[in-house]
K.L.:
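Below is one structure. I have some questions about it.
Nothing fancy with the numbering, it's 1 onward along the sequence. Nothing here was measured: the structure is a model prediction, and the numbers come from that model.
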Amino acid sequence: MTQKAKIFYRNRLAGYLERYEAGYRFSYEKAYLRHAEARPVSLTIPLSEYSYTSRILFPFFDGLIPEGWLLNIARQNLNLKETDRFELLVTLCKDTIGAVTVVPDGEDADE
């Protein structure tokens with residue numbers, strides 16, 4: 001079972017975050033790496049042509065998920081499990097206040 005999300009940095013497709021049996025993988029998009037203004041999505045995930053892997057959701061992405069009352073409202077209204085951090089990330093982080101946006105694979109950032 002692999003689930004995939006597009007990661008945008010300042011409205012430019014920066015890479016893909018995938019959840020698979022062994023954990024998570026983040027890979028920068030090759031076209032993004034070639035762009036003169038490419039910046040890392042996080043200081044903990046520097047620009048690289050190689051994929052990053054982790055057994056847990058990368059702390060940077062986990063930190064994008066809302067907390068407190070906002071998370072409770074979203075969970076109740078959307079029937080989300082608090083323990084499924086990937087689902088929370090993909091469902092709730094399409095419109096963040098920062099430069100990074102998370103969009104389910106198959107959707108565009110402006111949908």
K.L.:
Cation-pi check, Arg25 to Tyr20: give yes when NZ or CZ is under 6.0 Å from the six-membered ring centre and within 45° of the ring axis, no otherwise.
P.N.:
yes
K.L.:
About how many Å separate CG of Leu89 and OG1 of Thr96, when rounded to the nearest 0.5 Å?
P.N.:
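Reported value, rounded in 0.5 Å steps: 10.0 Å.
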K.L.:
Please list, chain by chain and in numerical order, all residues satisfying salt bridge (charged side-chain N to carboxylate O under 4.0 Å, His left out) with Asp84, sequence neighbours excluded.
P.N.:
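For Asp84, the residues satisfying salt bridge (charged side-chain N to carboxylate O under 4.0 Å, His left out) (neighbours in sequence not counted) are Arg19.
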K.L.:
Tell me which pairs pass salt bridge (charged side-chain N to carboxylate O under 4.0 Å, His left out) where either residue lies in residues 97-106, with sequence neighbours left out.
P.N.:
none
K.L.:
If you define the side chain from C-beta out and look only at heavy atoms, does anything of Thr101 sit under 4.5 Å from Val103?
P.N.:
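In contact.
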K.L.:
Checking Arg85 now: which residues fulfil salt bridge (charged side-chain N to carboxylate O under 4.0 Å, His left out) with it, not counting sequence neighbours?
P.N.:
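Asp62.
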K.L.:
Just how far is it from atom CD of Gln3 to atom CD of Glu87, taken to the nearest 0.5 Å?
P.N.:
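The CD atom of Glu87 is 8.0 Å from CD of Gln3, to the nearest 0.5 Å.
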K.L.:
With side chains defined as the heavy atoms from C-beta onward, is the minimum distance between Val90 and Leu17 less than 4.5 Å?
P.N.:
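When only atoms from C-beta onward are counted, Leu17 and Val90 do not touch, as no gap falls below 4.5 Å.
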K.L.:
Measure the shortest side-chain to side-chain distance between Glu49 and Tyr28 over non-hydrogen atoms and say whether it is less than 4.5 angstrom.
P.N.:
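Heavy-atom side-chain distance check fails, nothing below 4.5 Å.
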K.L.:
What residues, two or more places apart in sequence or in another chain, satisfy side-chain contact (heavy atoms from CB on, under 4.5 Å) together with Arg34?
P.N.:
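Arg34 satisfies side-chain contact (heavy atoms from CB on, under 4.5 Å) with Lys30, Ala31 only.
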K.L.:
With the side chain counted from C-beta on, respond yes when Phe8 and Arg10 share a heavy-atom pair under 4.5 Å apart, and no when they do not.
P.N.:
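Side-chain contact under 4.5 Å: no.
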K.L.:
Can you pull the ring-ring contact (aromatic ring centres under 6.0 Å, His included) pairs that have at least one residue in residues 30-87, sequence neighbours excluded?
P.N.:
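Matches after skipping sequence neighbours: Phe26-Phe61.
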K.L.:
Please list, one pair per line, the donor and acceptor atoms closer than 3.5 Å that link side chains of residues 39-47 to other protein atoms, with sequence neighbours excluded.
P.N.:
| from | atom 1 | to | atom 2 | distance (Å) |
| --- | --- | --- | --- | --- |
| Ser42 | OG | Thr44 | N | 3.1 |
| Ser42 | OG | Thr44 | OG1 | 2.7 |

K.L.:
Taking only residues two or more places apart in sequence, or in another chain, which ones meet Ser51 in a side-chain hydrogen bond (donor to acceptor under 3.5 Å, both in side chains)?
P.N.:
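By the side-chain hydrogen bond (donor to acceptor under 3.5 Å, both in side chains) rule, Ser51 matches Ser27.
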